[in-house]
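First up is the structure itself, then whatever we jot down about it.
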Amino acid sequence: MINSFESPFKKLTANVEALMSNNDKSTIDDNFSTQEFIFLQKFIIDAFEVKEQKEHAQQALLSITAQLAHDIRSPLAAINTALSDVTSIPENKRIMIKNAAKRINEIANNLLLESKNNFFDSQDHHPDKNNSAELIFVMLDNIVAEKRYEYSKTKVNINLNSSDHSYNCFSSINLSSFKRVISNLINNSIEAINSDGCINISLFCNTTHVEIIIEDDGCGIPPEILPKVTEQGFSFNKKNGAGLGLSYTKQYLEEIDGSMVISSDGKAGTKITINLIRATPPAWFCETLTIKSTSIVVLDDDPSIHEAWNEKFANISDVKIAHFSSASDFSHSIDACKTTLYLIDYELLADEKNGLDIIEEMQLNDRAILVTSSFEDLKLRTRCKNIGVKMIPKSYVPYIQIIQIPTNECNKFVFIDDDEMMRTTWCFAAEEAGIRLSTYPSFEDFTNTMDNYSKNTIIYIDSDLGNNIKGELCAKTLFDKGFTEIHLTSGHPPEHFDDMPWIKTIVGKEPPFLFT
């Protein structure tokens, strides 16, 4: 039986090599679809679990495992080589394929290592303990994008939602292991849905913990079975299940001091809640974009990221953005102004050098930020840390907070409110009135830059700043620091509040510029 096993990757290797011998690389889109790469990943993940199904087939499965691990290497190498030389694939799809290939390679490494060490000699399986602080929302966003492609022919909708304060939360995990956990849980939900259905993935966080909820409207789990689903070897409602997914998840989460709670009414739907310990953002991460200049330069070969930055800066007053798609054009834009901010892509396919090479060569370390989908690369993180360059993951761009530091004191107003829609409304009103306005989503964000403001700056602060933070108490702190023009905004009438001599006026939520 072992000798007759034929790896499906041999045929794939031949196809890839044939493609690579073709000088016309523009045909890659026709030869390789995202579905084929997702198939690679799904196949090897299934093989990883199949090898553990039955004790009496241990040696046979280990032999197949070793053969698979070796056979995977050739098509993976060819895929990565082909992708590095192709500009016709949109970056978001190219990055997703690279991430899928990276995951396959990591799993293949585990397969090969375990086959050499006779994995089944030990009943204990310890997850990789090489943990690092990872941006949870972006990790979930990547997995969801991958699953949407994988199950694009089904009628299952996969949604990802995050609270406003959760986009920038980190937790210390092993990225490969945790991606496997989330991938398996989503697969379980999909298998529980017969035809049409929905999977909602939600992310929340507070100062100490991160919470992930995966909820489906599938068949549910009967009450008598629910306590057994995390036992190793137990499988429910799966034709070829090895009973390893939930068992592995439970064990892995315990290894990192996390937890998992599974609930189901037994008839319709299952809810899985994962709790993780929140970690401090790493040194490479640019959490907030502070604008000290009205000049911003963007270098990126992906048109969509230029559009994203235009949209992000649309409500920031007096900001001029210059866009470049190649390093040669970009090099002519470097000026002597030390406050110009440069937002530079790492992977520039049409150029010999990457974005970090360009930053170092042009000595932009202190005024450039690397904006990249390759932020998971540990070597890249280390290099950025060593030369003092921050990174922004591309999928984090729509959610990054932008704070504009004032350049002069003329007609300067500040508005502090955690409601993004309200901040946008005030920005529009200020622009129409010719007023210079800076907005902040939290009191903490303002205090980080308040030394740049004179004590007579006109400050409007919302009474309810979320997370039980009261604007009137924050206003007292500002007053004690010497600020004198402090106004409270609220939906409540002034008589709702006690006497607060440090506050000049209590006004409604409408921008005061509408009435001046």
Inset, instruction - State whether a side-chain donor-acceptor pair under 3.5 Å links Ser183 with Lys147. - result: yes

Inset, instruction - With rounding to the nearest 0.5 Å, note down the distance linking OG in Ser171 to CD1 in Ile212. - result: 8.0 Å

Legend entry - Partner set under side chain to side chain contact (heavy atoms under 4.5 Å, CB included) for Asp418, not counting sequence neighbours: Asp462

Legend entry - Plane angle bin for Tyr440 and Phe446 - parallel if under 30°, tilted between 30 and 60°, otherwise perpendicular: perpendicular

Inset, instruction - Please name all residues satisfying side chain to side chain donor-acceptor pair (under 3.5 Å) with Asn310, sequence neighbours left out, ordered by chain then number. - result: His323

Inset, instruction - Using the test salt bridge (Lys or Arg N to Asp or Glu O under 4.0 Å), find all partners of Asp417 that sit at least two apart in sequence or belong to another chain. - result: Lys509

Inset, instruction - Check each of Asp216, Ile201, Thr249, Thr270 against Leu185 using the side chain to side chain contact (heavy atoms under 4.5 Å, CB included) test, and report the only one that passes. - result: Thr249

Legend entry - Set of salt bridge (Lys or Arg N to Asp or Glu O under 4.0 Å) partners for Glu254, sequence neighbours left out: Lys250

Inset, instruction - Identify the residue among Val397, Ile344, Asp345, Leu299 that makes a side chain to side chain contact (heavy atoms under 4.5 Å, CB included) with Val371. - result: Val397

Inset, instruction - Would you check if the side chain of Arg148 reaches a backbone N or O of Ile158 as a donor-acceptor pair within less than 3.5 Å? - result: yes

Legend entry - Residues that Ser162 engages under side chain to side chain donor-acceptor pair (under 3.5 Å), provided they are two or more places apart: none

Legend entry - side chain to side chain contact (heavy atoms under 4.5 Å, CB included) between Ser442 and Leu465, intermediate numbers included: CA-CA 7 Å; Ser442 71; Leu465 292 173; over 6 Å; no

Inset, instruction - Return yes if a side-chain donor-acceptor contact under 3.5 Å exists between Asn131 and Asn174, otherwise no. - result: no

Legend entry - Greater than 12 external heavy atoms within 6.0 Å of Glu287's CD: yes

Legend entry - Main-chain N/O of Asp377 paired to Ser374 side chain as donor or acceptor, under 3.5 Å: no

Inset, instruction - Would you sort out whether Thr489 and Ile461 count as a side chain to side chain contact (heavy atoms under 4.5 Å, CB included), showing the intermediate values? - result: CA-CA 6 Å; Thr489 67; Ile461 184 168; over 6 Å; no

Legend entry - side chain to side chain contact (heavy atoms under 4.5 Å, CB included) involving Ser163 - partner list, sequence neighbours excluded: Ser166, Phe204

Inset, instruction - State whether Lys179 and Glu376 are salt-bridged, where the test is any N-O pair (Lys NZ or Arg NE/NH1/NH2 against Asp/Glu carboxylate O) under 4.0 Å. - result: yes

Legend entry - Partner residues of Ser304 under the side chain to side chain contact (heavy atoms under 4.5 Å, CB included) criterion, sequence neighbours left out: Asp302

Inset, instruction - Would you please name every residue forming a side chain to side chain donor-acceptor pair (under 3.5 Å) with Thr208, sequence neighbours left out? - result: Asn206

Inset, instruction - Please round to the nearest 0.5 Å and tell me the distance separating atom CG of Leu370 and atom CD of Glu347. - result: 11.0 Å

Legend entry - Aromatic ring proximity Tyr167/Phe137, centre distance under 6.0 Å: yes

Inset, instruction - Please tell me if the side chains of Thr372 and Met391 come closer than 4.5 Å, counting only heavy atoms from C-beta onward. - result: yes

Legend entry - For His492, all residues meeting ring pair (Phe, Tyr, Trp, His ring centres under 6.0 Å), sequence neighbours excluded: His496

Inset, instruction - Output yes when a side-chain donor or acceptor of Asp217 lies under 3.5 Å from a complementary backbone atom of Cys198, and no otherwise. - result: yes

Inset, instruction - Quick one: list whatever passes ring pair (Phe, Tyr, Trp, His ring centres under 6.0 Å) with Phe313, sequence neighbours left out. - result: Trp309

Legend entry - Residues that Arg381 engages under salt bridge (Lys or Arg N to Asp or Glu O under 4.0 Å), provided they are two or more places apart: Glu134

Inset, instruction - Tell me, please, which residues at least two apart from Lys271 pass side chain to side chain contact (heavy atoms under 4.5 Å, CB included). - result: Ile213, Glu215, Ser263, Thr273

Inset, instruction - Answer yes if the ring centres of Phe285 and Tyr396 are under 6.0 angstrom apart, and no otherwise. - result: yes

